[in-house]
There are 2 protein chains.
Amino acid sequence: MKQEIAYITSLIGDPVRTKILWTLLDGRAYTATELAICADTSPQNISMHLGKLIQANLLVAEPQGRHKYYRFSRPEVAYAIEAIGNLIPDEKHRKIVGNTNNAAIKHCRTCYDHLAGEVGVSITAELIQQKFIEPEGKTYLVTEKGSAFFSEFDIDTDELKKSRRIFAKPCLDWTERKPHLAGALGAAFLEKMLLSDYFRKTKDSRAIVITAKGQQQLYDRFKIST
Amino acid sequence: MKQEIAYITSLIGDPVRTKILWTLLDGRAYTATELAICADTSPQNISMHLGKLIQANLLVAEPQGRHKYYRFSRPEVAYAIEAIGNLIPDEKHRKIVGNTNNAAIKHCRTCYDHLAGEVGVSITAELIQQKFIEPEGKTYLVTEKGSAFFSEFDIDTDELKKSRRIFAKPCLDWTERKPHLAGALGAAFLEKMLLSDYFRKTKDSRAIVITAKGQQQLYDRFKIST
DNA sequence: TCAACACTTCATTCCATACTTAACTATACC
DNA sequence: GGTATAGTTAAGTATGGAATGAAGTGTTGA
């Protein structure tokens with residue numbers, strides 16, 4: 001058992017592989033070359049590292065033409081990386097949050113495939129406050145009122161529950177240190193809000209920008225000022 | 001940012017350190033020597049690794065006599081290790097979850113040379129309740145009634161007081177977070193209860209099992225049901 | 001007072017593995 | 001076909017850091 005854990009941690013523990021995993025945290029698939037640039041190393045080297053991560057089933061690759069796209073094999077990998085992110089020492093932590101470069105990403109960003117950051121945490125708190133969802137052990141339950149709310153976004157919660165993925169659960173946020181909505185519901189919610197143009201993804205970053213429409217809606221629905 | 005993460009992951013990524021963290025997952029504090037045995041390495045080496053984990057604020061150490069107890073600095077560390085544990089392929093994972101050893105050691109175990117755990121704490125509370133011992137600053141005093149009680153176990157408290165070891169003192173329990181009886185009296189009391197076959201030591205663990213006779217006596221003397 | 005024990009520190013050794021150089025396969029597009 | 005681009009594979013090197021051995025501090029208990 002300890003050996004299995006040690007095998008996984010030693011894989012995660014390499015600086016280059018950490019950079020790969022950290023980059024992939026935004027839930028998108030990247031090509032080997034893109035990852036080589038992010039990790040600041042050679043194509044041969046990145047290929048070696050990606051091979052190890054795939055062999056351990058942390059990543060999967062999909063060839064598309066002469067490119068090959070790499071992404072997480074399952075959400076659990078992203079959760080583990082996020083959990084490690086929470087361990088960054090506080091003093092160092094503050095600096096980063098205060099760093100203006102990261103202001104956008106602190107404010108509003110994706111965590112794998114759901115909404116995180118200040119805005120993600122605020123929305124989740126408000127969903128609980130308005131009794132749309134309620135904490136139940138390690139998951140969230142959706143109330144009747146909540147089902148109606150999500151159906152406004154064209155989300156069928158009953159249908160979602162049938163998926164093999166965990167329906168709704170809290171995910172600890174590394175900047176806010178508070179939980180935000182993850183799981184199938186969290187992913188669906190973000191997807192629909194993107195479709196509705198509340199948010200737009202930025203290129204090359206996990207940051208998300210809030211549209212004028214989104215600002216209005218966040219205030220109307222959740223009394224969140226951005 | 002990526003550098004900070006890489007620093008943490010590289011720390012977690014060493015096989016020996018992984019074994020340390022995995023061992024500490026049961027929430028108990030362990031001594032350096034115990035961890036060296038768990039990780040199957042030398043005291044010097046474990047000391048080096050523990051030093052790094054402490055410097056990164058993943059662990060904290062609290063000296064108790066000539067021992068030093070190591071434990072997680074905060075719950076987030078345990079969460080991260082657990083999250084990594086989730087990455088192990090399912091078939092391998094199931095085998096371990098069925099292991100129920102942790103419950104026993106939390107229930108009843110030795111702390112250095114005296115009784116600790118749930119049972120140790122309960123007995124100590126009852127010794128105070130029945131006015132056999134009473135807290136006095138950083139030590140316990142034995143009452144006249146208490147002397148009579150311990151003499152039933154063939155313990156001569158007056159004789160014990162002459163030894164250079166601290167006679168009786170509270171020792172904070174890591175699982176229960178409550179005090180239990182330590183010092184010369186605590187050690188003698190455990191020794192006699194083992195001799196009287198109230199308890200039996202287990203091999204390779206600090207866990208202690210309670211005999212049928214012990215269960216009866218614990219109930220009769222302390223109203224403790226086990 | 002002294003021996004045993006728990007743990008640490010430091011200097012040295014040694015090895016696993018990340019990285020490089022080089023050659024190779026496969027796809028895309030002219 | 002020919003050339004450029006994306007990615008992989010293989011052999012050789014080198015270096016970071018884990019492990020070891022020896023020595024040291026501090027506590028316990030006879």
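Basis for what follows: all heavy atoms, side chains included, without hydrogens, waters or symmetry-related copies. Every chain is numbered from 1, with letters handed out A, B, ... down the list of sequences. Quick caveat: nothing in here was measured; it's all calculated off a predicted structure.
The base of D:dG21 is paired with the side chain of B:Gln44 by a donor and an acceptor separated by under 3.5 Å.
At the phosphate of C:dT8, OP1 or OP2 sits under 4.0 Å from a side-chain N or O atom of B:Tyr70. The side chain of A:Ser42 places no N or O atom within less than 4.0 Å of a non-bridging phosphate oxygen (OP1 or OP2) of C:dC19. For B:Arg66 and D:dG29, the shortest distance from a side-chain N or O to OP1 or OP2 is not below 4.0 Å. Side-chain nitrogen and oxygen atoms of A:Lys68 include at least one within less than 4.0 Å of the OP1 or OP2 phosphate oxygen of D:dT8. Taking side-chain N and O atoms only, B:His49 has a distance below 4.0 Å to OP1 or OP2 of D:dA19.
The nearest heavy atom of DNA chain C to B:Ile46 and to A:Gly65 marks one nucleotide each, and the one closer to the 5' end goes with B:Ile46.
Looking at B:Tyr69 and B:Glu62, their side chains never bring a donor and an acceptor atom within 3.5 Å of each other.
Enclosure of atom NZ in B:Lys223 by more than 12 non-hydrogen atoms of other residues, nucleotides or ligands within 6.0 angstrom is indicated. Annotation for A:Tyr7: atom OH counts as buried by contact number, over 12 foreign heavy atoms lying within 6.0 Å.
For the pair A:Ile20 CD1 and C:dC19 C1', the computed distance is 14 Å after rounding to whole Å. When rounded to the nearest whole Å, the span between CG of A:Leu50 and P of C:dC19 equals 12 Å. One atom, CE of B:Met48, and another, C1' of C:dT13, lie 13 Å apart when rounded to the nearest Å. In this structure, the CG atom of B:Leu11 is 14 Å from the C1' atom of D:dG16, given to the nearest Å. In this entry the distance linking CG of A:Asp14 with C1' of D:dA18 reads 16 Å, nearest Å. Distance A:Tyr30 OH to D:dA6 C1': 18 Å, rounded to the nearest Å. One atom, CG of B:Asn45, and another, C1' of C:dC7, lie 14 Å apart when rounded to the nearest Å. Rounding to whole angstrom units, NE2 of residue A:His67 and P of C:dT27 are separated by 13 Å.
Using the six-membered ring where Trp is involved, B:Phe149 and B:Phe189 have ring planes that are perpendicular, over 60° apart on the 30 and 60° scheme.
Residues that satisfy the ring pair (Phe, Tyr, Trp, His ring centres under 6.0 Å) test with B:Phe199, not counting sequence neighbours, are absent from this structure. Scored by the ring pair (Phe, Tyr, Trp, His ring centres under 6.0 Å) test, B:His49 finds no partners at all (sequence neighbours excluded).
Side-chain atoms of A:Thr33 lie closest to D:dG7 of the nucleotides D:dG7, C:dA18, D:dT20. Comparing atom distances between the B:Ser47 side chain and each of D:dA19, D:dT9, C:dT8 picks out C:dT8 as nearest.
Applying side chain to side chain contact (heavy atoms under 4.5 Å, CB included) to A:Arg17 and the options A:Leu59, A:Leu50, A:Leu11, A:Leu58 leaves one that passes, A:Leu11.
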Query raised in the report: If you write DNA chain D from 5' to 3' in dot-bracket form, with Watson-Crick or G-U pairs under 3.5 Å, [ ] for crossing pairs and | for pairs with another strand, what do you get?
Result: ||||||||||||||||||||||||||||||

